[in-house]
Amino acid sequence: MNFEHTDKVMELIARIEAFMKEYIYPNEEAYEEFVTDPANLWVVPPIMEELKAKAKEEGLWNFFLPKEYGEFSPGLTNLEYAPLAELMGRVEFASEVFNCSAPDTGNMEVLARYGTPAQQERWLQPLLNGDIRSAYLMTEPQNACSDATNVECSIVRDGDEYVINGRKWWASSVYDPRCELLLVMGKTDFDAPKYTQQSTIIVPKNTPGVTLVRPLKVMNHLHSPHGHGEVLLENVRVPVENIILGEGRGFEIAQGRLGPGRIHHCMRMIGAAQRSLELMCHRVEERSPFGKKLSAQGSIRQDIAKSRCEIEQARLLTLAAADKLDKLGNKEAKDFIAMIKIVAPQMCQTVADRAMQAHGGMGVSQDTPIANFFANARMIRFTDGPCEVHMSQLGKQTIAEVLGK
């Protein structure tokens, strides 16, 4: 495998690095102060729209859709996008600046791959423009939705409409004032074969019967202005043309949505871990408890060495997964996608933990992004499927391959 970047990618890396140095890092502290101020709950920081406009103006926009999406794509492969996602992962809000943030990226990919021309015009184009945001409603509080076939939300046809009833939670970005689109996964046929009971349907957020029950905190953090919410759907009616791809295709859509998204998540985790390591190196060189620099302590050097090894291992594995996804597709790349989902979030959590420890009290404060990196990595260990599910499937697949079954 050759992961040497092309001239085109090297140019994009340089441009994104320059943009972040000039516009994103200098605004990082102000952004964090704004979104954590209770007076600004569910308010988008004005600087965000300014930064998005600047990024779009400079052509640093919508990198994530692979080139097979034609007119919707900037022409990059997943492998070429990977180092760009890593750079964006160095700052928590940077992906949104370049219109490359979840859950919009996954929802845009669904609409680009499976949507009708009318659905693409109404919903995909505003998302690609960065004019609106979206949410993906799959998991349910009453069910173990690590197995998506457990979804119970009902989508019942009634003439020219579908009627939707159910309760969802962990709907990311649903509290964002710019969120206008909900992609809802539910069941259109409870008696069909296991993997064809589910469907995915478009629900405008302002549809009668859609109720935001409560925001959900992540380690006591609301993640304003986007948030994660519990949503009640009561007799929600939408036109039949809002179904995506057709009845019984929801599980297929969910699987297709998650492969590239895991590449994005893992590369952002690597960017967060890399920055944590760099901050740790600066910190230990500056501090001298008991008359000796922390950087001279053997245990600190070991932590730094282990962190560097783990980051590089995860980076290479993720690049390999992206390469396999490009060449063979989602299904054939599932083993590598499972590996990175298992490895990258845990790696980032571990590296961030070491960096926090080296910073002392500062490490868990708002004075560095490390605590946020740690919390996000912990959350990613069960979003897009718990790591245990990926390990179970990967172990089963590995045994079968070894035994030639």
Side-chain angles (χ1 to χ4, degrees), residues 24-25 27-48 51 88-97 100-106 133-139 141 145 168-179 212-231 261 264-266 268-273 275-276 279-280 344-357 359-387:
I24 293 182
Y25 293 124
N27 286 296
E28 190 172 12
E29 184 177 341
Y31 181 93
E32 181 69 14
E33 288 180 358
F34 186 98
V35 299
T36 54
D37 185 341
N40 298 326
L41 187 62
W42 315 130
V43 177
V44 179
I47 189 63
M48 175 53 71
L51 291 172
M88 296 174 202
R90 293 174 63 88
V91 176
E92 195 171 20
F93 65 85
S95 293
E96 185 184 350
V97 172
C100 293
S101 59
D104 295 330
T105 48
R133 296 214 64 187
S134 61
Y136 183 62
L137 279 61
M138 186 190 82
T139 57
C145 290
K168 300 289 187 176
W169 72 344
W170 294 110
S172 299
S173 290
V174 76
Y175 274 88
D176 192 308
R178 300 161 298 176
C179 179
L212 302 189
V213 177
R214 58 171 178 151
L216 299 168
K217 296 181 180 181
V218 178
M219 295 187 175
N220 212 35
H221 195 310
L222 281 170
H223 285 185
S224 176
H226 318 305
H228 315 272
E230 183 173 342
V231 183
H264 307 169
H265 273 316
C266 290
R268 286 192 291 264
M269 290 284 95
I270 291 162
R275 190 169 178 212
S276 296
L279 290 169
M280 180 181 181
Q346 182 63 71
M347 177 279 298
C348 183
Q349 182 183 330
T350 301
V351 171
D353 184 70
R354 293 181 188 131
M356 283 195 293
Q357 191 71 15
H359 277 76
M362 185 182 185
V364 294
S365 78
Q366 70 270 35
D367 289 348
T368 81
I370 300 171
N372 283 341
F373 291 156
F374 177 92
N376 191 40
R378 183 63 189 86
M379 182 174 68
I380 295 294
R381 285 175 55 199
F382 51 80
T383 57
D384 285 353
C387 293

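Numbering of residues begins at 1 and proceeds along the displayed sequence. What's counted below: heavy atoms across the whole structure, side chains too, no hydrogens, waters or symmetry copies.
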How close do Glu92 and Glu32 get, heavy atom to heavy atom, and via which atoms? OE1-OE1, 4.4 Å
How far apart are the C-alpha atoms of Arg275 and Glu28, what are their side-chain angles, what is the distance that settles it, and do they pass the salt bridge (Lys or Arg N to Asp or Glu O under 4.0 Å) test? CA-CA 14 Å; Arg275 190 169 178 212; Glu28 190 172 12; 2.8 Å; yes
If I take atom OG1 from residue Thr383 and atom CG from residue Asn376, how far apart are they, to the nearest 0.5 angstrom? 7.5 Å
Can you tell me which residue among Val231, Thr139, Val213 is in a side chain to side chain contact (heavy atoms under 4.5 Å, CB included) with Trp169? Thr139
Looking only at heavy atoms, which two atoms of Ser365 and Met362 are closest? And how far apart? OG-O, 2.8 Å
At their closest point, which heavy atom of Pro225 faces which heavy atom of Val43, and how far apart are they? CB-O, 3.4 Å
Regarding Ser101 and Arg133, is there a side-chain donor-to-acceptor distance under 3.5 Å anywhere? yes
Short N-O contact, Arg268 and Glu96, less than 4.0 angstrom: no
Drop me the distance from Leu222's CG to Thr36's OG1, to the nearest 0.5 angstrom. 11.0 Å
Measuring from Ile370:CD1 to His359:NE2, what's the distance to the nearest 0.5 Å? 4.0 Å
Under the 3.5 angstrom rule, does the side chain of Tyr175 hit a backbone N or O of Arg214 as a donor-acceptor pair? yes
Can you tell which of Ser95, Ser173, Ser134 makes a side chain to side chain donor-acceptor pair (under 3.5 Å) with Asp104? Ser134
For the pair Asn40 (side chain) and Phe34 (backbone), establish whether a donor and an acceptor sit closer than 3.5 Å, ignoring hydrogens and angles. yes
Rounded distance [0.5 Å steps], NE2 in His265 versus CD1 in Ile380: 4.5 Å
For the residue pair Val174 and Cys179, what are the closest heavy atoms and their distance? CA-SG, 4.1 Å
dist Cys387:SG -> Phe382:CZ (nearest 0.5 Å) comes out at 10.0 Å
side-chain contact (heavy atoms from CB on, under 4.5 Å) between Trp170 and Leu137, intermediate numbers included: CA-CA 8 Å; Trp170 294 110; Leu137 279 61; over 6 Å; no
With a 4.5 Å cut-off on side-chain heavy atoms, are Glu230 and Lys168 touching? no
How about Gln346: does its CD atom have over 12 heavy atoms from other parts shown lying under 6.0 Å from it? yes
Between Arg178 and Met48, does a side-chain contact (heavy atoms from CB on, under 4.5 Å) hold up when you go through it step by step? CA-CA 12 Å; Arg178 300 161 298 176; Met48 175 53 71; 4.1 Å; yes
Might you point out which heavy atoms bring Val35 and Pro45 nearest each other, and give the distance in Å? CG1-CG, 3.5 Å
For Ala272, is there any backbone N or O sitting under 3.5 Å from a side-chain donor or acceptor partner on Arg90? no
Going by heavy atoms in the side chains, are Pro369 and Leu279 under 4.5 Å from each other? yes
For the residue pair His226 and Tyr31, what are the closest heavy atoms and their distance? NE2-OH, 3.9 Å
